[in-house]
Amino acid sequence: MSQLLRVQNFTVSSDGIAAGEDQTLENPFGLDHSEMFEWAGATASWPNRADPGGTRGIDDYFTRDFSHNIGAEIMGRNKFAPKLGQWPDPEWRGWWGDEPPFHTPVFVLTHQTRPSLALSDTTFHFVGGEPSDVLARAREAAGGKDVRLGGGVTTIRQFLDADLIDTLHIAVAPLEFGSGLHLWESPDELHDRFHHDVVPSPSGVTHHLFWRK
């Protein structure tokens with residue numbers, strides 16, 4: 001398999017929730033998500049780190065590996081902008097400012113297409129179509145490298161249902177939300193298609209690694 005479709009560093013709560021249903025400009029995840037990502041933010045390789053410190057070990061390995069051999073990303077509309085339907089503002093340029101962290105072509109799934117948007121070394125393409133068609137475009141743009149499926153949870157479920165994902169790394173944070181958008185009820189749901197390893201971290205996060213059988 002020359003080009004993989006990979007889910008990386010996707011974090012859910014212990015009850016399988018990755019986002020809430022009330023996304024706003026002020027709250028992109030629709031819930032109080034700050035604790036979910038503490039494991040990544042504490043690592044030495046966290047890209048937004050302003051000091052030379054940070055932890056090493058298994059969490060840092062996954063943070064460091066995030067961009068390795070990635071040539072393109074696919075993301076859902078709500079990862080780029082809040083709400084569905086018409087774009088909230090024709091000048092909206094994503095949550096990340098003028099220097100997005102992707103550094104590759106990014107394919108944003110949407111029914112409301114708009115012209116491509118270039119910011120620094122990232123270009124966002126707003127596309128519709130079946131998951132397999134979007135993946136074909138992303139693979140071509142990736143230039144032989146892998147494609148990262150960036151989320152959110154609805155997009156990952158869509159590509160799982162289409163049986164297109166090759167590997168997943170899901171970090172399970174030790175907290176519960178009770179309600180929201182579920183990636184799963186249990187990771188055992190993927191055992192029919194994927195091998196599964198579980199790696200606990202001293203940070204309290206549990207890393208779940210899946211690769212296609």
Side-chain angles (χ1 to χ4, degrees), residues 1-12 16 18-19 21 23 28-30 65-96 100-170 181-184 187 189-195 209-213:
M1 201 175 299
S2 58
Q3 284 181 289
L4 301 177
L5 179 61
R6 298 158 51 188
V7 175
Q8 294 178 274
N9 297 5
F10 193 78
T11 304
V12 302
E21 297 179 351
Q23 184 188 47
F29 284 85
D65 191 54
F66 182 71
S67 297
H68 178 69
N69 199 44
I70 295 296
E73 168 148 340
I74 298 169
M75 67 171 63
R77 152 71 186 265
N78 277 33
K79 184 172 177 179
F80 182 83
K83 304 297 183 184
L84 298 175
Q86 295 295 328
W87 292 101
D89 182 338
E91 300 301 317
W92 178 262
R93 297 157 68 88
W95 305 98
W96 308 279
F102 307 105
H103 313 294
T104 67
V106 176
F107 293 83
V108 181
L109 301 175
T110 177
H111 297 296
Q112 303 290 334
T113 58
R114 55 184 278 187
S116 296
L117 173 65
L119 294 172
S120 186
D121 57 355
T122 298
T123 299
F124 296 95
H125 304 283
F126 304 93
V127 299
E130 295 298 317
S132 58
D133 296 331
V134 175
L135 178 57
R137 290 186 61 179
R139 281 180 166 153
E140 182 177 3
K145 294 183 178 181
D146 295 338
V147 176
R148 182 172 52 232
L149 185 61
V153 62
T154 302
T155 298
I156 292 176
R157 292 297 327 180
Q158 184 180 8
F159 278 75
L160 278 172
D161 291 344
D163 198 27
L164 295 172
I165 298 176
D166 299 300
T167 68
L168 302 93
H169 163 229
I170 309 296
L181 300 178
H182 284 80
L183 178 65
W184 57 42
E189 296 169 15
L190 304 184
H191 286 178
D192 61 331
R193 287 177 286 166
F194 294 92
H195 302 286
L209 308 174
F210 301 87
W211 64 101
R212 184 186 291 275
K213 289 182 176 179

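As a basis for the values below, the full set of heavy atoms in this structure was taken, side chains included, without hydrogen atoms, waters or symmetry mates.
Taking 4.5 Å as the limit, some side-chain heavy atom of Leu160 sits within range of a side-chain heavy atom of Leu190. Using a 4.5 Å heavy-atom cutoff, the side chains of Leu109 and Val127 are in contact. Side-chain contact between Val134 and Gln158 is absent, with no heavy atoms from C-beta onward closer than 4.5 Å. Using a 4.5 Å cut-off on side-chain heavy atoms (C-beta onward), Leu181 and Arg157 make no contact. Side-chain atoms of Trp184 and Ile170, non-hydrogen and from C-beta on, do get closer than 4.5 Å to each other. Residues Ile165 and Ile156 meet the side-chain proximity criterion, which asks for heavy atoms closer than 4.5 Å. Counting heavy atoms from C-beta outward, Leu135 and Leu5 have side chains that approach closer than 4.5 Å. Looking at His111 and Arg77, their side chains never come closer than 4.5 Å, going by heavy atoms from C-beta outward.
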- Task: Carefully, step by step, assess Val7 and Phe159 under the rule side chain to side chain contact (heavy atoms under 4.5 Å, CB included).
- Result: CA-CA 10 Å; Val7 175; Phe159 278 75; over 6 Å; no

- What's the verdict on salt bridge (Lys or Arg N to Asp or Glu O under 4.0 Å) for Asp163 and Arg212, showing C-alpha distance, side-chain angles and the deciding distance? CA-CA 10 Å; Asp163 198 27; Arg212 184 186 291 275; 3.2 Å; yes

- Working for side chain to side chain contact (heavy atoms under 4.5 Å, CB included), residues His182 and Val153: CA-CA 7 Å; His182 284 80; Val153 62; 6.0 Å; no

In a table with atom names and distances, give each donor-acceptor pair under 3.5 Å that connects a side chain of residues 66-76 to protein atoms at least two apart or in another chain.
unit_1, atom_1, unit_2, atom_2, d
Asn69, ND2, Asp146, OD2, 3.4
Glu73, OE1, Arg148, NE, 2.7
Glu73, OE1, Arg148, NH2, 3.0
Glu73, OE2, Lys79, NZ, 3.0

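With hydrogens and angles disregarded, a donor-acceptor distance shorter than 3.5 Å links the side chain of His169 to the backbone of Asn9.
Ring geometry for Trp96 against Phe102 counts as perpendicular: the plane angle is over 60°, on a 0 to 90° scale with 30° as the lower cut.
Rounding to the nearest 0.5 Å places CZ of Phe124 at 10.0 Å from CZ of Arg93. Taken to the nearest 0.5 Å, the OG1 atom of Thr155 stands 8.5 Å off from the CZ atom of Phe10. Atom OG1 in Thr104 sits 9.5 Å away from atom NZ in Lys145 (nearest 0.5 Å). One distance of note links CG of Leu168 with CD of Gln8; it measures 10.0 Å at 0.5 Å rounding.
Screening Leu117, Thr122, Thr123, Leu119 against Val106 for a side chain to side chain contact (heavy atoms under 4.5 Å, CB included) leaves a single residue, Thr122.
For Glu140, the CD atom counts as loosely surrounded, since its 6.0 Å shell holds 12 or fewer non-hydrogen atoms of other residues, nucleotides or ligands.
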